[in-house]
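Model, not experiment: these values are computed from the prediction. Just so you know, ligand 1 is whichever comes first in the structure, and atom 1 is the first atom listed for that ligand. Any value given below was found using the heavy atoms of this structure, including those in side chains, with hydrogens, waters and symmetry copies removed.
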Amino acid sequence: MKKINNPTRNTWSEILKRPTQSFADIEETVKGIFKEIQQKGDVAVQKYTSLFDGSTSVNSLVTKEEMEEANALVSKELKMAIELAKNNIFKFHEAQKSQKIEVETTEGVFCWQEKRPIQKVGLYIPGGSAPLFSTVLMLAIPAKIAGCTEIILCSPPNKQGKINPAILYAANLCGVTKIFKVGGIQAIGAMTFGTETIPQVYKIFGPGNQFVTVAKQVATQFGVGIDMPAGPSELLVYADVTCVPSFVASDLLSQAEHGSDSQVVLVTTNKEVLEAVEKEVYLQLEKLPRKEIAAQAIEKSKLILIENEQLALELINEYAPEHFIICSKNEEFFINGIQNAGSVFIGNFTPESAGDYASGTNHTLPTNGFAKTYSGVNLDSFMKSMTFQKITEKGIQNIGKSIEIMAEAEGLQAHKNAVTLRLNKVN
Ligand SMILES: NC(=O)c1ccc[n+]([C@@H]2O[C@H](COP(=O)([O-])OP(=O)(O)OC[C@H]3O[C@@H](n4cnc5c(N)ncnc54)[C@H](O)[C@@H]3O)[C@@H](O)[C@H]2O)c1
Ligand SMILES: N[C@H](CO)Cc1c[nH]c[nH+]1
Ligand SMILES: [Zn+2]
């Protein structure tokens, strides 16, 4: 872990750079694969599934038999754990439903806003390095609550052409319509353009590695919506003397183990805290089954000692972490001051893993600084707001003159006429 002592502000952006490849590094690869998918459909998808995932299976659609097999393979214990998580995620997202907003802005002028589900959605479930069946819950539950009618799912197969049974079990439990054994850039391309087998969708959701994330960003150039860039996991912890160093270390390692390109950062004003956490990280790392992956992320991670809490807060807002843990006696200061973070975890007994699995909040969150502008997945991600208006004769009399004047001032006579004709009728 790299220790950094009181970095000056002009060094922050360099220190806080993410260890992933840039958009430009990957864009051309994505565009090449997308072009082939547009031209050759399933054949191109199969070619890249074989190249990147080593699966030569021809049929990408998961069959009823495969679903039944998966159901039998998932243990009762795991099914019960999934049930608890599902209930909490459902409760939190169901509560995000909002009411129709209706306002009579001027007498006789009625404006209202209502939400409608996005009809066709595609969910991407990562499966390259770990089968993230928890992500199925995070995406399919709000999609169902929103009322999306076509919910398809893509996830990479293993070399035997199979998807992890827990992913299939969770998908079935949450009402996913169709599941396809396709991952990476080729999955995003297939959902963007549609193939003979995989339907085109209106919006693509879900996290993934840097290839998936860039592919989603490129997909927007072809008219598909995306939730947000949700790439390699990140965690920033602010800790003071009230923290438990072993807890902090366990949180840092929890995100480091996602991938060698994960990024974890500790910020503190206390040298002893910094050293105690560092020691704990290396102690715990030794015992992890995914030690090699986590070690690569830890090697690039940062331990930042900073002068005071105000500066710490400014640095954290500049970094805009996907996950932000606050372990401080001044937690209110950080809660009130945090402007840019995907999801915030407060106190010694709130591990980030709780949000990853079962507390109820969504774990599909913006990375790479996108927390400055994007929200994490929530119920509204699966809906659009539509506005409506109805104007009475009295209403057009009340606002018509203003519209005529404004239209004339913009030089748009036809706009003015649309009002004048009506005013002539009612006056
Ligand atoms: N931000 C979030 O909300 C969030 C949530 C969960 C997971 N994640 C992140 O998701 C990621 C999951 O990554 P993963 O790799 O395990 O699974 P993945 O499913 O995202 O990616 C695997 C796919 O990547 C493609 N691929 C691999 N190497 C390639 C190459 N050289 N060129 C082109 N394509 C290639 C393959 O097609 C493969 O199917 C992790 O980085 C994790 O941190 C983020
Ligand atoms: N931490 C990930 C989001 O960055 C989500 C996840 C799923 N499973 C475990 N973790
Ligand atoms: Zn995680």
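At a cut-off of 2.8 Å, His258 coordinates the Zn ion (ligand 3) through an N, O or S atom.
With ligand atoms numbered from 1 in the order given, ligand 1 contributes 1 (N), 2 (C), 3 (O) to contacts under 4.0 Å with heavy atoms of Leu365. Within the listing of ligand 1, atoms 19 (O), 39 (O) sit less than 4.0 angstrom from a heavy atom of Pro156. Close contacts of ligand 2 with His258, meaning ligand atoms under 4.0 Å from a residue heavy atom, involve 1 (N), 2 (C), 6 (C), 9 (C), 10 (N). Contact atoms of ligand 1 toward Thr364: 3 (O) (distance under 4.0 Å to a heavy atom of the residue). Residue-ligand proximity, Gln186 to ligand 1, at heavy-atom distances under 4.0 Å covers atoms 37 (O). The distance from ligand 1 to the heavy atoms of Val212 drops below 4.0 Å at these ligand atoms: 20 (O). Set against the non-hydrogen atoms of Pro207, the atoms of ligand 1 under 4.0 Å away are 2 (C), 3 (O), 4 (C), 5 (C), 6 (C), 7 (C), 8 (N), 44 (C). For ligand 1 and His363, the ligand atoms under 4.0 Å from any heavy atom of the residue are 2 (C), 3 (O), 5 (C). Residue Thr367 approaches ligand 1 through these ligand atoms, each under 4.0 Å from one of its heavy atoms: 1 (N).
For Phe334 and Tyr238, the ring centers sit closer than 6.0 Å to each other.
At least one side-chain heavy atom of Lys390 sits under 4.5 Å from a side-chain heavy atom of Trp112. For the pair Cys154 and Met191, the minimum side-chain heavy-atom distance is below 4.5 Å.
Taking only nitrogen or oxygen atoms, main chain and side chain alike, Thr135 does not reach within less than 3.5 Å of ligand 1. An N or O contact shorter than 3.5 Å links Gln255 to ligand 2 by distance. Annotation: Gly128 places an N or O atom under 3.5 Å from an N or O atom of ligand 1; distance criterion only. Considering both main-chain and side-chain atoms, Asp356 comes within under 3.5 Å of ligand 2 through a nitrogen or oxygen pair.
Nearest-heavy-atom check against atom 19 (O) of ligand 1 across Tyr124, Phe370, Tyr48 picks out Tyr124. Evaluated by nearest non-hydrogen atom to atom 24 (O) of ligand 1, the leading choice among Leu51, Asn362, Asn209, Asn368 is Asn209. Of the options Ser233, Gly342, Pro366, the smallest heavy-atom separation from atom 43 (O) of ligand 1 is shown by Ser233. Remark: among candidates Gln210, His323, Glu322, Met138, the nearest residue to atom 2 (C) of ligand 1 is Glu322, based on non-hydrogen atoms.
Among protein heavy atoms, the minimum distance from atom 41 (O) of ligand 1 is reached at Pro232 CA, 3.4 Å. Residue, atom and distance of the protein heavy atom nearest to atom 3 (C) of ligand 2 are Glu322 OE2, 3.3 Å. Nearest to atom 9 (C) of ligand 2 among the protein's heavy atoms is Tyr357 OH, 3.3 Å. Considering only non-hydrogen protein atoms, atom 8 (N) of ligand 2 sits nearest to Ser134 OG, 3.3 Å. Remark: minimum distance from atom 26 (N) of ligand 1 to any protein heavy atom is reached at Phe211 CD1, 3.9 Å. The protein heavy-atom contact nearest to atom 16 (O) of ligand 1 is Ser129 N, 2.7 Å. Annotation: atom 39 (O) of ligand 1 to nearest protein heavy atom, Asp53 OD1, 2.7 Å. Nearest protein heavy-atom contact of atom 32 (N) of ligand 1 is Phe52 CE2, 3.3 Å. Summary of contacts: the protein heavy atom closest to atom 12 (C) of ligand 1 is Pro126 CB, 3.6 Å.
Using cut-offs of 30° and 60° for the angle between ring planes, the Phe52 and Tyr48 rings count as parallel. Below 30°, between 30° and 60°, or above 60°: for Phe193 and Phe222 the angle between ring planes is above 60°, a perpendicular geometry.
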Could you go through the ring pair (Phe, Tyr, Trp, His ring centres under 6.0 Å) check for Phe205 and Phe382 one step at a time? CA-CA 9 Å; Phe205 295 79; Phe382 293 89; 4.0 Å; yes

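The shell of residues lying under 4.0 angstrom from ligand 2, judged by heavy atoms, includes His323. Ligand 1 lies less than 4.0 angstrom from a heavy atom belonging to Gly231.
Taking 4.0 Å as the cut-off between side-chain N and carboxylate O, Glu150 and Lys178 do not count as a salt-bridged pair. Using a 4.0 Å cut-off between charged nitrogen and carboxylate oxygen, Asp227 and Lys203 do not count as a salt-bridge pair. A salt bridge links Lys271 and Glu275; the closest N-O separation between the charged side-chain nitrogens and carboxylate oxygens is under 4.0 Å. A salt bridge links Glu318 with Lys372: at least one charged nitrogen is closer than 4.0 Å to a carboxylate oxygen. Here Asp53 does not pair with Lys181 in a salt bridge; the nearest charged N to carboxylate O distance is not below 4.0 Å. Salt bridge status for Lys162 with Glu69: present, with a side-chain N to carboxylate O gap under 4.0 Å. By the 4.0 Å N-to-carboxylate-O rule, Arg116 lies close enough to Glu114 to be salt-bridged with it.
Neither the backbone nor the side chain of Glu234 has a heavy atom within less than 4.0 Å of ligand 2. Only the side chain of Leu132 comes within 4.0 Å of ligand 1, counting heavy atoms alone; its backbone N, CA, C and O stay farther away.
Between the side chain of Asn164 and the backbone N or O of Pro131, no donor-acceptor pair lies under 3.5 Å.
Considering Val248, Leu236, Leu235 in turn, Val248 is the only one that fulfils the side chain to side chain contact (heavy atoms under 4.5 Å, CB included) rule with Leu266.
For Asp356, the N, O or S atom closest to the Zn ion (ligand 3) goes by the atom name OD2.
Side-chain N/O atoms of Lys120 and Thr149 include no donor and acceptor closer than 3.5 Å.
Of all non-hydrogen atoms in Leu137 and Ile89, the two that sit nearest each other are CB-CD1, 3.8 Å.
Counting non-hydrogen atoms of neighbouring residues, nucleotides and ligands closer than 6.0 angstrom, the NZ atom of Lys100 exceeds 12 such neighbours.
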